[in-house]
Trainee: 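Got a structure here, written out as structure tokens. Questions coming.
Reminder, nothing fancy here: chain letters follow the sequence lines and each chain counts from 1.
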There are 2 protein chains.
Amino acid sequence: MKTLRVPEATVTRLSIYSRFLERLDRNGVTSVSSGEIAEGVGVSPAQVRKDLAYFGEFGTRGVGYNVKDLMHYTMKILNLTQPWPMALAGAGNLGTALCTYRNFRERGFAIVGVFDNDLTKIGKRIEDLTVQPLEEMPQVIKQRGIRIGIIAVPTRAAQEVADLMVRNHLKAILNFAPIALNVPEDVMIRNVDLSVSLEVLTFNLKYRGTYESEE
Amino acid sequence: MKTLRVPEATVTRLSIYSRFLERLDRNGVTSVSSGEIAEGVGVSPAQVRKDLAYFGEFGTRGVGYNVKDLMHYTMKILNLTQPWPMALAGAGNLGTALCTYRNFRERGFAIVGVFDNDLTKIGKRIEDLTVQPLEEMPQVIKQRGIRIGIIAVPTRAAQEVADLMVRNHLKAILNFAPIALNVPEDVMIRNVDLSVSLEVLTFNLKYRGTYESEE
DNA sequence: CGCCTAAAGTTATATATTTCACATATTTTA
DNA sequence: TAAAATATGTGAAATATATAACTTTAGGCG
Ligand SMILES: NC(=O)c1ccc[n+]([C@@H]2O[C@H](COP(=O)([O-])OP(=O)(O)OC[C@H]3O[C@@H](n4cnc5c(N)ncnc54)[C@H](O)[C@@H]3O)[C@@H](O)[C@H]2O)c1
Ligand SMILES: NC(=O)c1ccc[n+]([C@@H]2O[C@H](COP(=O)([O-])OP(=O)(O)OC[C@H]3O[C@@H](n4cnc5c(N)ncnc54)[C@H](O)[C@@H]3O)[C@@H](O)[C@H]2O)c1
């Protein structure tokens with residue numbers, strides 16, 4: 001058994017390939033080449049092959065890849081053969097949008113508990129979910145076997161919510177609050193930070209990725 | 001005048017440093033070291049200094065950085081000395097949330113036009129904005145001097161909306177639809193892809209960033 | 001006033017990632 | 001059945017990025 005480190009960039013691209021393959025499959029395409037995948041997702045063919053090579057040999061030389069097979073392999077690698085129930089903290093504007101987000105379900109993700117601490121929000125229905133008091137999160141996490149948390153509370157409340165999630169053994173958190181959360185080593189955080197994304201754009205609108213010092 | 005290529009990761013971190021400095025400044029902190037910045041945003045002190053070194057010398061050896069000054073420098077570098085009006089396509093669940101997002105304004109961003117093609121959405125008010133027909137986007141872009149577009153329409157409509165934005169000379173697009181958009185070289189795209197973020201988490205929940213081949 | 005400490009700036013080193021080129025395997029075709 | 005065409009898998013080279021080690025400078029203090 002060989003263990004090797006996989007670049008995070010490779011994992012993100014694998015997720016993108018996987019979804020692209022799903023689309024091909026839905027469209028009835030049965031076979032695909034690294035070049036076509038590359039074209040479809042905007043990377044180089046060599047990159048596609050290199051990425052896949054971390055995990056095994058999935059293609060046939062001279063032919064390409066079987067779409068359905070490769071799709072299943074990628075989903076297996078990404079750990080998507082099981083459903084992923086998730087807990088959402090914050091039933092505000094963003095939280096509500098997330099509850100209605102259909103694409104989650106297509107990949108096996110589902111928000112199964114929404115929690116808030118505002119009495120006017122608690123009890124509110126969002127599609128088939130009912131907003132619950134934050135205090136009930138621990139119990140729901142346990143009952144539903146939740147391992148992933150989503151933070152959509154205001155910045156000032158984000159750390160305390162993260163602490164609560166950590167105390168209740170969540171090991172993966174998707175954070176929308178624009179702040180660096182402090183969590184133990186074994187807890188993974190992914191930040192979705194729109195200001196950062198926009199500021200990379202404004203930077204590049206000026207400099208195009210280079211910087212001209214003023215002398 | 002020296003032109004040098006700046007890693008995208010550096011720009012991303014610069015944005016994070018910048019916001020952290022803003023917070024320090026609000027809290028009345030006047031001086032800060034690379035170590036404190038590093039601590040606050042979760043990177044190494046050497047990384048902070050290296051990143052800043054791309055753009056100049058902003059600190060005082062033995063002392064640290066003046067918070068207000070460094071904050072202004074970072075904002076200048078990130079091109080945040082001007083307001084950034086933005087056009088949003090898609091007044092659905094996500095689009096509505098984005099319209100209410102306060103943090104945009106703190107950094108100079110503002111959605112000044114929301115566009116949809118659903119007659120039941122057009123005319124709807126979202127805070128101080130009114131949803132307009134997509135056809136009016138070109139005119140608003142021109143009038144308001146918009147350079148950044150946001151795509152929050154369903155996946156199937158994303159490419160045509162992107163095309164429209166490109167035709168109207170937007171050079172930067174923040175895209176929430178989970179698809180690779182096809183745009184000319186001189187147009188920048190940033191994708192916000194939640195499934196990808198979640199799948200990096202599920203991958204790591206299984207392998208912790210390594211992969212064990214099955215033999 | 002010179003020594004000591006702290007922390008920035010910088011150079012060198014190490015690591016990670018991507019690109020390139022090619023050897024290899026498969027299918028098609030003459 | 002040999003040759004041609006095609007597309008994978010991979011090792012080496014090129015790039016890019018991060019870490020670590022070192023040098024320089026400012027300010028405090030005896
Ligand atoms: N609105 C957006 O489009 C958007 C986009 C990106 C990021 N964000 C970020 O997402 C977060 C939420 O944004 P929003 O616009 O939905 O804000 P919001 O004010 O509409 O919603 C926040 C919700 O969190 C709840 N809350 C507050 N403290 C809580 C606590 N301690 N425990 C549980 N719930 C608590 C509030 O009652 C409210 O319902 C913010 O951090 C924001 O910066 C928002
Ligand atoms: N809801 C979320 O939390 C969320 C999160 C991440 C990404 N996304 C993505 O953002 C996009 C929007 O998601 P949503 O949940 O808001 O969907 P939604 O269906 O609620 O809203 C989409 C809106 O786009 C409008 N629209 C459709 N075609 C259009 C066109 N050609 N021109 C202009 N407007 C058009 C619709 O009328 C609708 O108002 C989707 O691509 C989705 O995958 C959503």
Side-chain angles (χ1 to χ4, degrees), chain A residues 2-17 21 24 29-67 69-70 73-74 77 200 204 208-211 213 215, chain B residues 2-14 16-17 21 24 29-67 69-71 73-74 77 200 204 208-211 213 215:
Chain A
K2 245 182 174 172
T3 299
L4 71 165
R5 179 137 223 102
V6 180
E8 177 153 313
T10 290
V11 180
T12 64
R13 284 189 298 264
L14 196 72
S15 168
I16 293 169
Y17 304 156
L21 291 162
L24 290 182
V29 180
T30 58
S31 178
V32 70
S33 69
S34 60
E36 289 163 338
I37 296 174
E39 171 80 30
V41 306
V43 302
S44 74
Q47 183 81 83
V48 172
R49 295 199 299 275
K50 237 312 150 54
D51 285 337
L52 294 175
Y54 279 100
F55 306 103
E57 303 187 9
F58 307 107
T60 309
R61 297 179 187 206
V63 180
Y65 305 90
N66 178 287
V67 170
D69 289 351
L70 187 56
Y73 283 128
T74 55
I77 293 163
V200 173
N204 285 307
R208 289 276 194 99
T210 64
Y211 185 77
S213 71
E215 62 194 285
Chain B
K2 245 182 173 171
T3 300
L4 72 165
R5 178 138 222 102
V6 180
E8 177 152 311
T10 291
V11 180
T12 304
R13 285 189 297 264
L14 196 72
I16 293 170
Y17 304 155
L21 290 163
L24 290 182
V29 180
T30 58
S31 179
V32 70
S33 69
S34 61
E36 290 162 338
I37 296 173
E39 170 81 28
V41 306
V43 302
S44 73
Q47 183 81 82
V48 173
R49 295 198 299 275
K50 199 70 192 288
D51 285 336
L52 293 175
Y54 279 100
F55 307 102
E57 302 187 10
F58 307 107
T60 309
R61 297 178 186 206
V63 179
Y65 303 90
N66 177 288
V67 170
D69 288 352
L70 187 57
M71 180 184 81
Y73 283 128
T74 55
I77 293 163
V200 173
N204 286 306
R208 288 276 194 96
T210 63
Y211 184 76
S213 72
E215 60 193 289

Trainee: When the distance from CZ of A:F55 to P of D:dG9 is rounded to whole Å, what number comes out?
Mentor: 13 Å

Trainee: Are A:S33 and D:dA7 close enough that a side-chain N or O sits under 4.0 Å from OP1 or OP2?
Mentor: no

Trainee: Between B:T60 and C:dA8, is there a side-chain N or O to OP1/OP2 distance below 4.0 Å?
Mentor: no

Trainee: Report the distance from atom CG of B:D69 to atom C1' of C:dA8, rounded to the nearest whole Å.
Mentor: 15 Å

Trainee: Check B:N204 against B:V200 and note the closest heavy-atom contact, atom names and distance.
Mentor: ND2-O, 2.8 Å

Trainee: Below 3.5 Å, can you tabulate the donor-acceptor pairs from side chains in residues 34-44 of chain B to any protein atom, sequence neighbours excluded?
Mentor:
residue: B:S34; atom: OG; partner: B:R49; partner atom: NH1; Å: 3.1
residue: B:E36; atom: OE1; partner: B:S33; partner atom: N; Å: 2.8
residue: B:S44; atom: OG; partner: B:Q47; partner atom: N; Å: 3.1

Trainee: Could you grab the distance from atom CD1 of B:I16 to atom CG of B:L21, nearest 0.5 Å is fine?
Mentor: 12.0 Å

Trainee: Give the B/S/- string for nucleotides 10-20 of chain C, one per nucleotide from 5' to 3', where a protein heavy atom under 4.0 Å of the base yields B, of only the sugar-phosphate yields S, and otherwise -.
Mentor: SBB----SSBB

Trainee: So how far is it from A:Y73 OH to A:L14 CG, rounded to the nearest 0.5 Å?
Mentor: 13.5 Å

Trainee: Look up atom NZ in A:K50 and atom CZ in A:R13, then write down how far apart they are to the nearest 0.5 Å.
Mentor: 11.0 Å

Trainee: Expressed in angstrom and rounded to an integer, what is the separation of B:F58 atom CZ from C:dG9 atom P?
Mentor: 8 Å

Trainee: Could you pull out all donor-acceptor pairs under 3.5 Å where a side-chain atom in residues 52-64 of chain A meets a protein atom, sequence neighbours excluded?
Mentor:
none

Trainee: Let me know the distance between CD of B:E36 and C1' of C:dA8, rounded to the nearest Å.
Mentor: 13 Å

Trainee: From OH of B:Y65 over to C1' of C:dA6, roughly how many Å is that when rounded to an integer?
Mentor: 13 Å

